[in-house]
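All values reported here derive from a predicted model rather than from experimental measurement.
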Amino acid sequence: MSQPRDDRQDDLFRPSLEKIINLRHPLVRLAAEIDWDFLAARFSSVCRLGPGQPPLPTRLVAGLFILKHMHNLSDEALCDRWVENPYFQYFCGEVVFRHEPPFDRSSLTRWRQRLGEEQIAALLQESLSVAHQTGAIETKDLERVVVDTTVQEKAIAHPSDARLMHRAIEGLVDLAKREGVELRQSYLRVAKRAAIMVGRYTHAHQFKRARGELKFLRTRLGRIIRDIRRKIEGDPALEDRFGPLLDLAHRVRHQEQRQRGPKVYSLHAPEVECIGKGKARAPYEFGCKVSIATPATAPKGGQFVLHAKALHGNPYDGHTLGPVIADLEKLTGVAARRIHGDKGYRGHNYPDRFKVWISGQVRRVTKAIRREMRRRAAVEPVIGHLKDDHRMRRNHLKGRDGDRINAVLAAAGYNFSLLRHWFKELLRVLLWILCRRLSQPHLA
């Protein structure tokens, strides 16, 4: 793999983008403020010299990631919008308008896998740097933070024993057909009917019949597992090919509703965890826990996200505070003076307990600290915007790496959307001041 290419150049027969767009547009202003060389240095660090086609320009990739999560677009929708929107193309570094994208949808997937969470965190770091340079956020806003956790749900169907066993049967039979393994019986038709009847009997409160159909599914799944293991025994290639799916199917067949320890909630995303946050409308959510940090003050440009990190294993909130604050200080370069959290952070592991204030705390609370504690709830609408407007509601990225990457990209997209609004309002204020001065009569 070689260094990123950059084949963008002036076209003598087509006008440049700067001549056909409004240079005072917020996206144009935002593109001028971003340090693209810093992002290029971070992104190009994963490229190695060697044979093969050079990768895409790093500014194009960074711009696509920002636009995708700023506007809550899928990879396919982003490709369509990029071709239609000259401001998108200018933001990504194009010189002239292009009628076809220079990248494929799968290029975004490959770049996400190549970069990983550590390199993509440069987007979040750069968003905070731009906010600080333009006055949208100040140093004092980085010293007083609010930390909270939420659940980033995975894009899976609601798990049930009948559905999981039926999907395991379908997956094993389909893989056997593709690998040329002939089964004694597939049970596809009867398994589908049994899965349907489990839902119908449960809805009708006929639980004894539902348990009978569930036992039927469990028995047929066990027969298919044993049949495949007999057929592939002694063939290392087939054993490696069937191994992961057979292990998942075995776990699905033997797991029970109230068992302790990890369970399988999805065959295509076995890393999903069941997390209970005590919500009346959603007692259990399926995904992973994410820690979000925002300022405890009210910055001029809005409530920016200072840090976002996916936490696997459903850890206790208080046990995540120490590593989260350490990462936050490394990301911003500013030491945290006051940390505010809810009652889920009681018994935390942060070394300096005198810097941490918990909701409802009475001791050592001054008037200034009490004002900050009343702003602790400001993190809740930020979490809502991250979920509804920046693709944290349903994570479609694969694996635990996808969970970590999506959390960081959602936070970066949210910050850049605040910066776009900040430049828009700043331009409006400047135009208003200019109009006021022009409208005033000249003094004699």
Side-chain angles (χ1 to χ4, degrees), residues 106 109-110 112-114 116 154-202 207-274 286-288 312-314 395-404:
S106 60
T109 302
R110 295 190 181 95
R112 280 191 294 260
Q113 295 173 348
R114 181 185 302 169
K154 201 78 168 183
I156 65 170
H158 185 78
S160 65
D161 291 338
R163 179 180 176 83
L164 286 172
M165 284 189 281
H166 180 226
R167 293 301 299 271
I169 290 173
E170 288 183 331
L172 288 173
V173 172
D174 181 66
L175 182 58
K177 287 182 180 179
R178 285 188 277 114
E179 297 295 333
V181 177
E182 187 175 353
L183 302 177
R184 285 175 26 182
Q185 192 172 348
S186 67
Y187 302 106
L188 288 179
R189 181 179 58 84
V190 294
K192 180 179 180 180
R193 182 186 180 280
I196 293 173
M197 295 308 295
V198 169
R200 292 181 179 179
Y201 286 143
T202 304
F207 299 111
K208 186 174 181 180
R209 291 180 173 179
R211 286 194 296 269
E213 296 293 342
L214 198 59
K215 182 179 179 181
F216 179 89
L217 276 173
R218 184 173 284 109
T219 302
R220 268 59 188 177
L221 177 59
R223 290 182 182 180
I224 293 177
I225 291 174
R226 291 189 295 272
D227 191 15
I228 290 177
R229 284 178 173 170
R230 284 194 298 267
K231 299 291 178 59
I232 67 174
E233 188 177 3
D235 192 333
L238 287 179
E239 288 179 352
D240 293 340
R241 186 72 180 87
F242 279 89
L245 187 54
L246 281 175
D247 293 340
L248 285 177
H250 181 77
R251 289 175 58 188
V252 166
R253 180 174 180 267
H254 290 281
Q255 68 185 10
E256 298 178 359
Q257 182 179 4
R258 302 186 183 279
Q259 75 175 31
R260 304 282 298 205
K263 294 176 63 176
V264 178
Y265 298 101
S266 174
L267 292 177
H268 75 273
E271 72 278 358
V272 168
E273 302 157 2
C274 179
F286 300 94
C288 71
H312 294 97
N314 192 13
N395 177 25
H396 294 266
L397 304 186
K398 184 178 180 181
R400 294 193 170 188
D401 291 337
D403 295 337
R404 291 188 284 264

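Within the 4.5 Å cutoff, the side chain of Glu213 has no heavy atoms near those of the Arg200 side chain. The closest side-chain heavy-atom distance from Lys177 to Leu183 is not below 4.5 Å. The shortest side-chain heavy-atom distance between Lys398 and Thr109 does not fall under the 4.5 Å cut-off. Contact check for Phe216 versus Met197: no side-chain heavy atoms found under the 4.5 Å cut-off. Between Gln185 and Arg220 the shortest side-chain heavy-atom distance does not fall below 4.5 Å. Leu188 is listed as a side-chain neighbour of Ile169, based on a closest heavy-atom distance under 4.5 Å.
Counting all heavy atoms, side chain and backbone alike, Tyr265 lies closest to Pro159 at O-CB, 3.4 Å.
More than 12 heavy atoms of other shown residues, nucleotides or ligands fall within 6.0 angstrom of atom NZ in Lys231. The 12-atom threshold is exceeded at CZ of Arg400, counting heavy atoms of other residues, nucleotides or ligands nearer than 6.0 Å. No more than 12 heavy atoms of other residues, nucleotides or ligands shown are found within 6.0 angstrom of CZ on Arg189.
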Output a table of donor-acceptor pairs, distance under 3.5 Å, between side-chain atoms of residues 251-262 and any protein atom two or more places apart or on a different chain; print 'none' if there are none.
unit_1	atom_1	unit_2	atom_2	d
Arg253	NE	Arg218	O	3.0
Gln255	OE1	Val264	N	3.0
Gln255	NE2	Val264	O	3.1
Gln259	OE1	Glu256	N	3.0

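The distance from atom CG of Leu397 to atom CG of Asp403, rounded to the nearest 0.5 Å, is 8.0 Å. Residue Arg241 holds its CZ atom at 13.0 Å from CG of Asp235, rounded to the nearest 0.5 Å. Here the CD1-OG1 distance, from Ile224 to Thr219, works out to 11.5 Å after rounding to the nearest 0.5 Å. Going from atom CE of Met165 over to atom NZ of Lys215 covers 12.5 Å, rounded to the nearest 0.5 Å.
Taking Arg184 as the reference, nothing meets the salt bridge (charged side-chain N to carboxylate O under 4.0 Å, His left out) condition, with sequence neighbours excluded.
Pairs of residues two or more places apart, or lying in two chains, that qualify as ring pair (Phe, Tyr, Trp, His ring centres under 6.0 Å) and include a residue from residues 157-180 are His158-Phe286.
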Chi angles and distances behind the side chain to side chain contact (heavy atoms under 4.5 Å, CB included) call for Asp161, Leu217
CA-CA 9 Å; Asp161 291 338; Leu217 276 173; over 6 Å; no

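Checked for salt-bridge contact, Arg112 and Asp401 miss the test: no charged N lies under 4.0 Å from a carboxylate O. Remark: Arg230 engages Asp227 in a salt bridge, criterion side-chain N to carboxylate O under 4.0 Å.
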